[in-house]
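All ligand and atom numbering here is 1-based and tracks the order in the structure.
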Amino acid sequence: MKTELLDSSPHSIGRACAILESQKIVALPTETVYGLAGNAFDEASVRKIFSAKSRPYFDPLIVHISLKVLSDPAGVLHALIRDGILAPSLAASSDRSNFEALVKAFWPGPLTLVVPRGPLIPDVVTGGHPTVAIRMPSHEVFQSVLGLLSFPLAAPSANRFGRISPTTAEHVRAELDGRIAAIVDGGPCGIGVESTIIRLEEGGIRLLRPGGVSSAEIASITGSVPRTQQRLHSSAPEAPGMLDEHYAPRKPLFLIPEPIDSHPDLRELLRELGDSSRLGLLLHAPVRSSFDVSSFKSHRILSGSGDGAEAARNLFSFMRELDEDPFVDVILADLPENHFEGMFAAIADRLQRASRNKPLGQSVKKL
Ligand code: AMP
Ligand code: MG
């Protein structure tokens with residue numbers, strides 16, 4: 001199949017909609033990463049997403065909602081129930097007030113809510129689960145497309161399964177050229193890591209994936225910090241949203257969960273990793289000590305000032321650059337001391353999965 005490359009002009013948006021209406025799939029920019037979109041109400045369209053990505057059917061997709069529901073006279077909750085996306089049971093449940101408060105605070109934006117699904121969402125979208133993951137993206141291009149359609153869009157990230165998520169149209173082309181009908185180029189993504197996913201359950205909240213909205217921000221709205229979920233291994237097929245091996249470069253990536261220059265046995269560590277001239281460094285911030293990064297063939301610094309938002313924006317594209325660098329065999333990444341909050345929680349999660357939890361001798365502490 002020839003993949004059409006579209007810009008974000010009104011004419012191209014119209015073309016993307018026509019393709020989606022004919023049950024084909026299109027990569028679209030969102031504020032988090034590029035998504036691979038298809039009609040969420042239509043099983044045939046959704047199957048094409050799984051097959052283009054080689055994604056296993058047990059890993060469910062996020063359904064993207066139009067901004068239009070924010071101004072629906074019925075209110076967001078009732079509009080989504082009426083449209084067959086949410087189960088009517090949510091209206092009478094103890095999760096209703098959290099749902100409404102979180103929507104008001106964070107939509108449109110990078111927060112995905114896992115809630116009981118409505119009758120128009122097919123099994124193929126949810127991996128057979130009784131819940132559906134929904135989000136309202138803020139990206140203008142994605143919303144222009146949704147605004148012209150009569151159905152929501154199921155969209156996982158537009159990469160081959162398990163690989164690094166794309167933050168530019170060129171990344172999408174490198175992953176999926178010839179496998180999808182079109183790519184809409186909306187420039188680089190502003191946030192750079194995927195949405196935060198939370199499940200509403202019995203009046204409480206469980207964090208399934210850290211992302212663009214922090215746990216502290218969620219707690220400021222709901223009054224309590226989300227519970228965290230023990231991450232399960234990828235061999236456990238019932239574990240949506242929590243696959244261990246994900247966001248991975250082709251080359252081995254090792255992660256030190258602290259700044260590289262405060263690692264106690266750095267010399268030993270570098271020896272363990274082999275020829276350091278073939279090592280690519282992915283550092284969260286500039287090094288402070290006398291540690292000399294210029295002796296490494298390639299290094300990337302996620303943020304010159306250690307800023308989490310800037311680091312997140314650069315994470316996947318820098319990881320991809322090191323993966324493609326012919327002089328690099330192994331990637332070594334580091335993290336700030338305090339990587340449990342804000343955007344660094346999401347960055348730490350992605351790097352940990354990219355490292356496939358590879359143990360690094362005795363020297364690496366568990367995250
Ligand atoms: P991606 O957009 O590629 O990052 O994938 C969407 C993520 O949302 C996946 O990790 C899914 O497993 C997760 N997800 C989607 N639906 C559900 C659900 N019903 N319950 C839990 N996680 C979900
Ligand atoms: Mg993904």
Check: Around Glu140, counting heavy atoms of other residues, nucleotides and ligands shown, do more than 12 lie under 6.0 Å from its CD?
Finding: no
Note to self: Heavy-atom distances under 4.0 Å decide this one: backbone, side chain, both or neither, for Thr112 against ligand 1?
What the structure shows: neither
Check: Among the heavy atoms of Arg209, does any lie under 4.0 Å from an atom of ligand 1?
Finding: yes
Checklist line | Over all atoms of both residues, closest heavy-atom pair of Ala174 and Arg320 | finding: CB-NH1, 4.4 Å
Next item on the list: Any atoms of ligand 1 less than 4.0 Å from a non-hydrogen atom of Asp59? List them with their elements.
Entry: 9 (C), 10 (O), 11 (C), 12 (O)
Item checked: 4.5 Å side-chain heavy-atom contact, Arg209 and Ser195 -> yes
Next item on the list: May I ask you to check if Arg353 and Tyr247 form a cation-pi contact, with NZ or CZ under 6.0 angstrom from the six-membered ring centre and within 45° of the axis?
Entry: no
Check: Got an N, O or S from Asn159 under 2.8 Å of the Mg ion (ligand 2)?
Finding: no
Notebook entry, point to check: What atoms of ligand 1 come closer than 4.0 angstrom to any heavy atom of Ile62?
Noted result: 6 (C), 8 (O)
Check: Going by the order shown, which atoms of ligand 1 are within less than 4.0 Å of some heavy atom of Ile197?
Finding: 7 (C), 8 (O), 13 (C)
Check: Should the proximity of Arg55 to ligand 1, defined as any heavy atom under 4.0 Å, be assigned to the side chain, the backbone, both, or neither?
Finding: side chain
Next item on the list: Using a strict cut-off of less than 4.0 Å between a Lys/Arg side-chain nitrogen and an Asp/Glu carboxylate oxygen, indicate whether Arg160 and Glu175 qualify as a salt bridge.
Entry: no
Next item on the list: Would you please test Glu100 and Lys104 for salt bridge (Lys or Arg N to Asp or Glu O under 4.0 Å) and show each step?
Entry: CA-CA 6 Å; Glu100 293 186 317; Lys104 187 156 183 272; over 6 Å; no
Check: What atoms in ligand 1 come closer than 4.0 Å to a heavy atom of Pro156?
Finding: 1 (P), 2 (O), 3 (O)
Next item on the list: Specify side chain, backbone, both or neither for Val114, according to which of its non-hydrogen atoms lie closer than 4.0 Å to ligand 1.
Entry: side chain
Next item on the list: With heavy atoms under 4.0 Å as the rule, classify the contact between Leu208 and ligand 1 as side chain, backbone, both or neither.
Entry: side chain
Margin query: Do Asp185 and Asp7 have side chains that approach each other closer than 4.5 Å (heavy atoms only, starting at C-beta)?
Written below: no
Notebook entry, point to check: Under 4.0 angstrom from ligand 1, any heavy atom of Arg199?
Noted result: no
Item checked: Close approach, Thr126 and ligand 1, non-hydrogen under 4.0 angstrom -> no
Notebook entry, point to check: With atoms numbered from 1 as shown, which atoms in ligand 1 lie under 4.0 angstrom from a non-hydrogen atom of Ser157?
Noted result: 1 (P), 2 (O), 3 (O)
Check: With a cut-off of under 6.0 Å to the ring centre and 45° to the axis, is Arg47 in cation-pi contact with Tyr57?
Finding: yes
Check: Asp325 and Ser298: side chain to side chain donor-acceptor pair (under 3.5 Å), yes or no, with the steps?
Finding: CA-CA 8 Å; Asp325 186 329; Ser298 288; 2.4 Å; yes
